[in-house]
2 protein chains.
Amino acid sequence: MADIADVARLAGVSTATVSRALNGKTASAATREKVLAAAAELGYVVSSNASGLASGRTRHIGFMVPFIDRWFFTDLLTGIESVLLSQGYDVTLYDLQGNESQRDQVFGSSLRRASIDGLIAASIELTPDEIRALRALGKPVVSIGGYIEGATAVDVDNARMATLATEHLLSLGHTRIAYVGAGRTIASAFQLGDARYDGWLSAMRAAGLEVEGTGFWEADFDIPSGYAAAKALLAHDRPTAIFAASDEIGIGCMLAARDLGLRVPDDLSVVGIDDHKLSAFFGLTTLAQDPAGQGRLAAHLLLAQLDNPGAAPEHRTLTPRFVVRSSTARPGGAVHGTA
Amino acid sequence: MADIADVARLAGVSTATVSRALNGKTASAATREKVLAAAAELGYVVSSNASGLASGRTRHIGFMVPFIDRWFFTDLLTGIESVLLSQGYDVTLYDLQGNESQRDQVFGSSLRRASIDGLIAASIELTPDEIRALRALGKPVVSIGGYIEGATAVDVDNARMATLATEHLLSLGHTRIAYVGAGRTIASAFQLGDARYDGWLSAMRAAGLEVEGTGFWEADFDIPSGYAAAKALLAHDRPTAIFAASDEIGIGCMLAARDLGLRVPDDLSVVGIDDHKLSAFFGLTTLAQDPAGQGRLAAHLLLAQLDNPGAAPEHRTLTPRFVVRSSTARPGGAVHGTA
DNA sequence: CTGAAAGCGCTAACAA
DNA sequence: TTGTTAGCGCTTTCAG
């Protein structure tokens with residue numbers, strides 16, 4: 001493979017000039033053109049190792065997730081890749097799923113080989129040691145949906161989303177609204193805390209409504225778990241509406257209602273959070289999170305920090321978009337939105 | 001950050017000895033211990049750039065996919081990460097989704113920066129230019145579910161799976177079996193060719209059955225598309241069974257049947273291919289593909305090639321596992337399997 | 001604006 | 001088994 005010396009020879013300049021011309025540093029237009037032509041002719045591409053060793057930059061960005069096999073994280077990844085690849089950055093994935101040793105491997109070694117210029121961490125709960133390890137890197141970090149000290153943050157206001165969803169049901173005239181969502185353990189893995197639960201609770205209380213009877217039903221963030229929770233809930237009680245902490249839970253609730261002979265939305269309204277890929281299909285009313293957009297924003301913010309290392313960390317809270325579909329209506333009746 | 005010279009100084013040996021001790025090359029037990037202790041004390045981690053530049057190895061593996069936001073590819077990735085991370089390799093993702101420029105970027109530049117030691121490519125259809133680019137790298141390549149000349153291949157026998165699925169229905173006594181699956185365009189994006197269609201066809205013909213009437217119904221590999229196809233199919237004809245080219249299609253078919261007032265499996269049997277995460281929930285009978293296992297195997301094969309560069313490329317065809325659930329039964333009646 | 005030269009941190013001959 | 005010595009291919013002062 002051609003190296004920088006070959007290009008320099010062909011262009012009739014020094015390797016230093018080739019380097020400058022290729023990296024957009026000072027070089028006369030004529031020189032730059034000669035260099036570009038020579039590089040193209042030889043099919044020259046810089047060696048990332050050599051370049052990285054000499055400059056300290058690698059053009060690799062790390063993306064750290066608790067697990068990758070969930071809709072939210074893959075959509076984040078898609079968004080991140082789309083901006084980073086086009087800027088000439090590669091994305092290295094650190095999947096913390098699996099045993100502890102995989103996690104230690106990532107923090108103890110992978111991250112520290114100085115092989116990345118920056119990191120995007122999604123929904124990661126870090127130990128104090130891990131935070132220290134991250135800070136020791138001295139590389140910019142952007143967190144998505146979770147707080148990391150000193151890092152730029154991108155998130156959505158979960159409590160606010162839950163309040164909006166609940167208020168939507170309230171405004172339709174529902175008073176008996178159950179919450180199906182994550183317990184503390186699961187919520188914390190997603191860094192949601194109890195924000196969605198709290199949002200529901202405060203909206204209900206603000207409306208002067210009783211919460212004890214209909215209450216809270218625990219479910220993991222997936223369809224089967226939402227289904228099971230709704231089955232249990234509906235066997236025990238008959239609220240007119242369910243606020244589901246995620247669309248997957250909401251879809252599970254809709255399927256359970258159907259299996260119980262209940263019509264959605266006539267007998268039961270359901271609203272979720274996410275705008276999951278399947279939600280349009282099921283007609284689920286929801287608050288859209290747009291993870292791909294979050295990923296793109298995170299990538300842009302990281303790039304900005306790379307260009308401007310001195311800048312103070314930012315905190316961007318995204319506004320969810322309300323998507324009304326056919327799963328919500330006035331209690332007992334008329335459809336509110338259209339599919 | 002401590003570098004190799006610091007470790008050498010603290011251990012009282014040369015940098016070369018440190019390098020050898022750390023890389024498992026010849027070194028006396030006593031020396032190795034001293035070096036390890038010194039490295040641990042200083043928190044030393046090798047610089048991947050320096051090491052890569054000197055040795056030509058980067059401990060980075062590329063994983064190339066047509067898109068990452070599909071169950072199959074994320075599960076592959078999970079499997080790949082689990083073995084590669086534990087062996088000290090990082091995984092860089094090349095997502096070809098999006099515009100052509102993203103693809104050109106990957107082939108023209110990312111891959112060629114010599115930043116990976118090897119590549120795993122899943123379901124990728126390459127242009128002649130791209131194959132040339134890949135071969136020029138001189139790095140080992142493992143392909144999953146698609147053929148790349150000179151590369152080690154991991155796949156499943158799609159035609160055989162389709163035949164098995166169809167034969168399962170035949171053995172239950174079904175004779176009118178529709179196929180809902182991908183048209184040529186979509187199938188080729190997944191590198192499935194028409195193998196699943198062919199498998200269905202040959203099983204039907206071997207059983208001496210007519211195919212014209214019930215026939216082939218086109219659908220993309222997702223739930224909404226399977227739903228729409230089944231709605232159209234069942235409005236037009238009433239086969240007693242459907243063979244779906246993927247579980248997501250199959251789930252769509254089950255939902256459509258239910259909405260039409262048909263009971264599964266009493267009025268309609270459905271069998272799919274994949275063992276998708278949701279299939280157990282829906283009780284779908286299927287042929288399991290185990291993508292995480294495919295990913296782990298591909299990673300192991302790649303590692304083996306890295307250790308032994310001379311070895312000839314292998315071709316491993318995995319055997320699917322039949323998972324009988326509650327979506328298939330004798331026509332008109334009794335359940336065959338259990339949920 | 002450009003060239004010469006000194007490294008970036010490590011590995012791999014080669015000797016000893 | 002270990003140390004010495006060249007680089008790996010590039011970027012970046014520092015002069016000019």
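Letters A, B, ... are given to chains in the order of the sequence lines, protein chains preceding strands, and every chain is numbered from 1.
Side-chain contact between T92(A) and I61(A) is absent, with no heavy atoms from C-beta onward closer than 4.5 Å. Contact check for T317(B) versus V156(B): no side-chain heavy atoms found under the 4.5 Å cut-off.
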### Task
Show your reasoning for whether side chain to side chain donor-acceptor pair (under 3.5 Å) applies to Q294(A) and Q289(A).
CA-CA 8 Å; Q294(A) 292 183 41; Q289(A) 273 218 62; 3.0 Å; yes

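With F107(A) as the aromatic partner, R103(A) does not meet the cation-pi criteria of under 6.0 angstrom to the ring centre and within 45 degrees of the ring axis.
The backbone N or O of F221(A) lies less than 3.5 Å from a partner atom in the side chain of R70(A), making a donor-acceptor pair.
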Atom pairs under 3.5 Å, N or O on each side, protein against nucleotides 9-12 of chain C: can you list them with distances?
unit_1  : atom_1 : unit_2 : atom_2 : d
dG9(C)  : N2     : A50(B) : O      : 3.2
dC10(C) : OP1    : Y44(B) : OH     : 2.5
dC10(C) : OP2    : I4(B)  : N      : 2.4
dT11(C) : OP1    : N23(B) : ND2    : 3.3
dT11(C) : OP1    : S51(B) : OG     : 3.4
dT11(C) : OP2    : S19(B) : OG     : 2.6
dT11(C) : O5'    : S19(B) : OG     : 3.4
dA12(C) : OP1    : R57(B) : NH2    : 2.8
dA12(C) : OP2    : K25(B) : NZ     : 3.0

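Computed from coordinates, the L22(A) CG to dT11(D) C1' distance equals 12 Å when rounded to whole Å. If you measure from atom CZ of R9(A) to atom C1' of dG9(D), you get 13 Å, rounded to the nearest angstrom.
Proximity note for S14(A) (side chain, C-beta onward) versus dT2(C), dT2(D), dG3(C): the nearest is dG3(C).
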